[in-house]
Trainee: 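Sharing a structure with you now.
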Amino acid sequence: MLSVADLTMRFGGLTAVDGLSFQARAGEITAVIGPNGAGKTTVFNCVTGFYRPTSGSIALIHAIGARFALERMSGHRIASRAKIARTFQNVRLFAGMTVLENLLVAQHNTLMAATGFGVLAVLGLGGYRAAEKAGMDKARRWLDRIGLLERADDPAGSLPYGDQRRLEIARAMCIDPVMLCLDEPAAGLNPRESEALNRLLLSIRADGCSLLLIEHDMAVVMRVSDHIVVLDHGQKIADGTPAEVRADPAVIAAYLGEDEEA
Amino acid sequence: MQQLINGITLGTIYGLIAVGYTMVYGIVGMINFAHGDIFMVGSFLSLIALLGLAALGVTSVPLALALTLIFAAGLAALYGWTVERIAYRPLRGSFRLAPLISAIGMSIVLQNFVQVGQGARVKPMDALIPGGIELMNQGGFAVQLSWMQIAIVATTLLVLAVFTWLVTATPLGRSMRACEQDIRMAGLLGIDTDRTIGLTFVIGAALAAVAGLLFLLYYGVIDFFIGFLAGVKAFTAAVLGGIGSLPGAVLGGLLIGLIEVFWSAYFSVAYKDVAAFAILILVLIFRPSGIMGRAEVEKV
């Protein structure tokens, strides 16, 4: 479970997130929505260690009880210890590496540990071969799941856009995350790809991974989310199930622009 | 023909150093000006090891060379790691010029450290592997291929083969390439980017130390200042080949070696460095991305 309490992030004089508190329950898909500039991506950046929040706390509690204070951890520890993975609004694959290598990079820590941090691999010893094979198998399982198995050895940059987006999600899943954070995964997808994405997200949830989602595409949000948090000007204006949020007057006002920005 | 052989030998040494420049540039985007001095330190370490082994009574030349290689590469790697740790890592994330200035400082520190520790005089060493094969002899013009040159080129090829395998086929190499392409994303996938950068410096320094040993064997004399010129030429090689590209660095090294040797043979020895740097300027003007470099695409 992810628990955000009183999170505030200021950039100079601009307060991007202002005293935000919400919870994302384990095994659910939580969507963070709101108009442009509402502070959604800033929240994400705080959760994944890209920014250090000005104040407030972000805690991730694993099912087995381990608790991580994310606001004090560096980005790579959040990924390797707390097991939170994320994607960005724009595709950030390693374009020059093959599709398969992209998935192997995400398993770097497991593989490095098996190689005795490089030393044993050079000597050809240890459980390295077994670990490499397990890593390959996992990568191939994911490629099969997103339908890219036959493109495993092509450069990631040569894939069509929709495939790149799904590959990014698969890569994030290769770190075995407890929570997957997706920043506008449906952006730029056509309706058919968007439908495939919905199925992928639901199947990831079925695997027991929680999801935190920023999304503009309401069709995706309303279909897949269990719980929606609505932000406007860095503050939470609504929090609840899709049906509750859709009926909330504050949300309608923010989206239809019944305020000074209209 | 003779010049071709000499040029290739010299070129492989430059290539080994250039790989270190290009690797560090690829990942951190900075020119490690202390790299040439790591090469010089590696050269001195080799000399110390060789003399030490001789004093200990190790007479087998291949064994002595192998031990020296391990000793020099290992210690130089430690130097490389230390330099990165104390001079560059604290500056990561500050403005672009800061690590560059720090690198120049580190270069001066290393030079003076060796000068104070080892003296400023030129250190000579006897040729370890004498002799060679005469490939052809036409009217008094002999084309010599010395065992030494064969050993140098063979060592370089072996080291580069191991290095290529390391970069393309191991998890460490994969994480290095990932950091090169998108270091923040690599961090978010759980890769300890600081450690990866440190290891990059370590590998680069080890390669430079190998080059240092080969340089010592080839020329037989070293002093505390060799790192500067060799470093700048290797840097030229890296730029010529396309900075950031590993095969480019080796190719650039070979070209610089050949240019230098042919120039000294047919024009004037005094101007050989001028020729090498004129190439650098021409490359920077006409093809800034180098022979095998890819053009920078600014991300929006």
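Below, all heavy atoms of this structure are taken into account, side chains as well, without hydrogens, waters or symmetry copies. Chain letters run A, B, ... following the sequence lines, proteins first, then strands; residues in each count from 1. Just so it is clear, the structure is predicted and the values come from calculations on it, not from any experiment.
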Trainee: First locate atom OG1 of T168(B), then atom CD of E101(A), and finally report the distance between them rounded to the nearest 0.5 Å.
Mentor: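 Output value for this atom pair is 8.5 Å.
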Trainee: Highest number of heavy-atom pairs under 4.5 Å with chain A: which of T193(B), D194(B), L189(B)?
Mentor: L189(B)
Trainee: If you count heavy-atom pairs within less than 4.5 Å of chain B, which of V105(A), L93(A), I84(A), N102(A) leads?
Mentor: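 Most heavy-atom pairs within the cutoff with chain B belong to V105(A).
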Trainee: So do the side chains of R171(A) and M185(B) get within less than 4.5 Å of each other, counting heavy atoms only?
Mentor: yes
Trainee: Distance under 6.0 Å and angle within 45° of the ring axis: does R177(B) meet both against F94(A)?
Mentor: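 So R177(B) doesn't make the cation-pi contact.
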Trainee: What is the distance from atom CG of L188(B) to atom CZ of R92(A), rounded to the nearest 0.5 Å?
Mentor: 7.5 Å
Trainee: T87(A), T48(A), L104(A): which one forms the most heavy-atom pairs within less than 4.5 Å of chain B?
Mentor: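 Going by pairs under 4.5 Å, I would pick L104(A).
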